[in-house]
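One structure below.
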Amino acid sequence: MIELRDLAYVRLGASNLEDAQSFATRSLGLQVGEQAKQALYLRSDDRAHTLCYFEGDPRDQTVAFEVDDADKLDAAGAALDALGHAVHAGTPDECALRKVKAFIAFKDPTGNQIELVVRPERSGKRYFATRDAGITGFSHVGLFTTDPVRDELFWTQVCNARVSDRIGDIALMRVNAIHHTVALAPGRGPGVHHINHQVESNDDVLRSYYHLSGQRVPIVFGPGRHPTSGARFLYFQGPDGMVFEYSVGVDEIEDEETHRPRQFGFEPSSLCMWGAKSARPR
Ligand SMILES: O=C/C=C/C(C(=O)O)=C(/O)C(=O)O
Ligand SMILES: [Fe+2]
């Protein structure tokens with residue numbers, strides 16, 4: 001069993017790094033941790049980075065999870081290899097680019113690019129962004145799936161994810177007490193469906209709604225409230241069509257032993273209990 005501890009980062013190819021920087025700092029509210037020649041490292045918490053835009057194809061998207069140590073990383077590599085996944089061990093240069101001690105890369109059954117990392121770098125400086133979006137941290141990702149039932153089995157049987165709730169066959173899965181760290185979303189191929197940051201209060205969600213609307217950032221869903229995690233949310237579109245979410249008030253699963261996933265119907269009211277309609281199909 002591969003024990004995922006937390007999300008580490010997302011890496012996104014950017015068609016225009018300047019546009020990505022402008023969006024990340026003026027709209028999303030991240031802090032530039034480091035500006036390299038062909039990459040931009042962005043912070044949302046006490047880590048050195050949680051999002052990296054690099055000059056490249058916007059379809060090149062990777063999600064990374066932290067595992068405990070080098071032994072666990074080796075065991076994960078062996079387990080994935082035995083299941084037929086091609087596993088790449090990061091070279092020292094590739095580790096430096098990701099600010100981690102070691103990592104392996106592989107694809108999930110849909111073809112999503114996943115990395116498992118050890119010892120991601122933290123920063124001695126606290127996260128301090130020039131735009132005050134109220135961000136309290138990087139929280140979850142949505143991943144496209146071409147087969148939700150198969151991919152739920154991968155995340156829950158090969159890895160340690162547990163299903164918190166389902167909407168139709170779509171699983172919202174946790175790797176720690178937080179309601180979900182990975183949400184699956186039906187799609188025609190691999191890719192990141194959305195990237196979530198938690199914010200401090202309902203006020204932050206609504207303040208951002210007006211701030212982003214004023215900047216003509218496309219709002220794609222919300223403000224609204226998910227009946228699943230209970231979170232109040234706003235989804236909006238960034239560079240190269242990537243969707244970002246702010247949310248506040250996501251449930252924690254209090255009792256790991258007794259929690260049973262709830263089943264929600266595959267219908268709009270399962271996505272928003274206030275009646276907001278998503279501008280993109282889930
Ligand atoms: O469409 C359902 C979304 C559910 C949630 C939630 O319960 O918080 C998400 O954040 C999500 O999957 O994006
Ligand atoms: Fe979400």
Kindly state whether the ring of His140 and the ring of His179 have centres lying under 6.0 angstrom apart.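 Ring centres of His179 and His140 not closer than 6.0 Å.
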Under 6.0 Å between the ring centres of Tyr246 and His197?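 No, the ring centres sit 6.0 Å or more apart.
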Around [X], counting heavy atoms of other residues, nucleotides and ligands shown, do more than 12 lie under 6.0 Å from its [atom1]?
X	atom1	result
Arg119	CZ	no
Glu254	CD	no
Gln215	CD	yes
Tyr127	OH	yes

Is it true that [X] and [Y] fall in one hydrophobic cluster, defined by side-chain heavy atoms closer than 4.5 Å?
X	Y	value
Ile178	Tyr9	no
Leu17	Leu97	no
Val100	Val10	no
Phe128	Ile135	no
Met242	Leu212	yes

Do the non-hydrogen side-chain atoms of [X] and [Y] ever get within less than 4.5 Å of each other?
X	Y	answer
Ile114	Leu143	yes
Thr181	Ser139	no
Gln113	Asp60	yes
Lys125	Arg43	yes
Val205	Val199	yes
Val32	Leu42	yes
Phe264	Thr228	yes
Val163	Trp155	no

Is there a donor-acceptor pair under 3.5 Å between the side chain of [X] and the backbone N or O of [Y]?
X	Y	value
Asn112	Phe144	yes
Arg11	Leu51	no
Ser270	Phe266	no
Asp81	Gly77	no

Passes salt bridge (charged side-chain N to carboxylate O under 4.0 Å, His left out), Glu152 versus Arg150? Steps please. CA-CA 6 Å; Glu152 177 186 316; Arg150 176 200 62 201; over 6 Å; no
Do you see a donor-acceptor pair shorter than 3.5 Å between the side chains of Asp240 and Ser15?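 A donor-acceptor contact under 3.5 Å links the two side chains.
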For the residue pair Asp19 and Ser22, confirm or rule out a side-chain donor-acceptor distance under 3.5 Å.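 Ser22 and Asp19 do not have a side-chain donor-acceptor pair below 3.5 Å.
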Closest non-hydrogen atom pair, [X] against [Y]:
X	Y	answer
Gly29	Ala129	O-CB, 3.2 Å
Thr110	Asp147	OG1-N, 4.3 Å
Val117	Leu73	N-CD1, 4.4 Å
Ser27	Val217	OG-CG2, 3.8 Å
Leu7	Phe65	CD2-CE2, 3.6 Å
Ala89	Glu94	O-OE1, 4.2 Å

Let me confirm one number: the [atom1]-[atom2] distance from [X] to [Y], rounded to the nearest 0.5 Å.
X	Y	atom1	atom2	answer
Asn160	Leu4	CG	CG	4.5 Å
Ser247	Tyr235	OG	OH	7.0 Å
Leu271	Arg225	CG	CZ	15.0 Å
Gln198	Asp45	CD	CG	12.0 Å
Asp165	Ile253	CG	CD1	6.5 Å
Asp151	Thr145	CG	OG1	3.5 Å

By the rule that ILVMFWY residues connect when side-chain heavy atoms come within less than 4.5 angstrom, directly or transitively, which residues belong alongside Met1?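 The other cluster members (ILVMFWY side chains, heavy atoms under 4.5 Å, direct or chained): none.
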Who else is in Trp274's hydrophobic cluster (ILVMFWY, side-chain heavy atoms under 4.5 Å, direct or via others)?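 Traced through the cluster, Trp274 reaches Met273.
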So, [X] and [Y], do they make that salt bridge, N to O below 4.0 Å?
X	Y	result
Arg126	Asp46	no
Glu34	Lys99	yes
Arg98	Glu115	yes
Arg162	Glu256	yes

Chi angles and distances behind the side-chain contact (heavy atoms from CB on, under 4.5 Å) call for Arg174, His259: CA-CA 12 Å; Arg174 66 188 183 283; His259 180 79; 3.8 Å; yes
Determine the interplanar angle of the [X] and [Y] rings, folded into 0 to 90°, and report it as parallel if under 30°, tilted if 30 to 60°, perpendicular if over 60°.
X	Y	value
His49	Tyr41	perpendicular
Phe233	Phe221	tilted
Phe244	Phe23	tilted
His85	Phe106	perpendicular

Before you tell me yes or no, could you show the steps for Arg131 and Ser208 under side-chain contact (heavy atoms from CB on, under 4.5 Å), namely the whole-Å CA-CA distance, both residues' side-chain angles and the distance that decides it to 0.1 Å? CA-CA 10 Å; Arg131 152 159 150 73; Ser208 279; 2.8 Å; yes
Kindly indicate, with the supporting measurements, whether the criterion side-chain contact (heavy atoms from CB on, under 4.5 Å) is fulfilled by Val220 and Phe236. CA-CA 5 Å; Val220 295; Phe236 49 97; 5.6 Å; no
Evaluate the side-chain hydrogen bond (donor to acceptor under 3.5 Å, both in side chains) criterion for residues Glu245 and His226: first the C-alpha distance (whole Å), next the side-chain angles of each, then the deciding distance (0.1 Å), finally the verdict. CA-CA 12 Å; Glu245 176 187 21; His226 292 306; 3.2 Å; yes
With side-chain contact (heavy atoms from CB on, under 4.5 Å) as the test, would you mind laying out the steps for Asp6 and Asn176 before giving the verdict? CA-CA 7 Å; Asp6 197 0; Asn176 47 41; 4.1 Å; yes
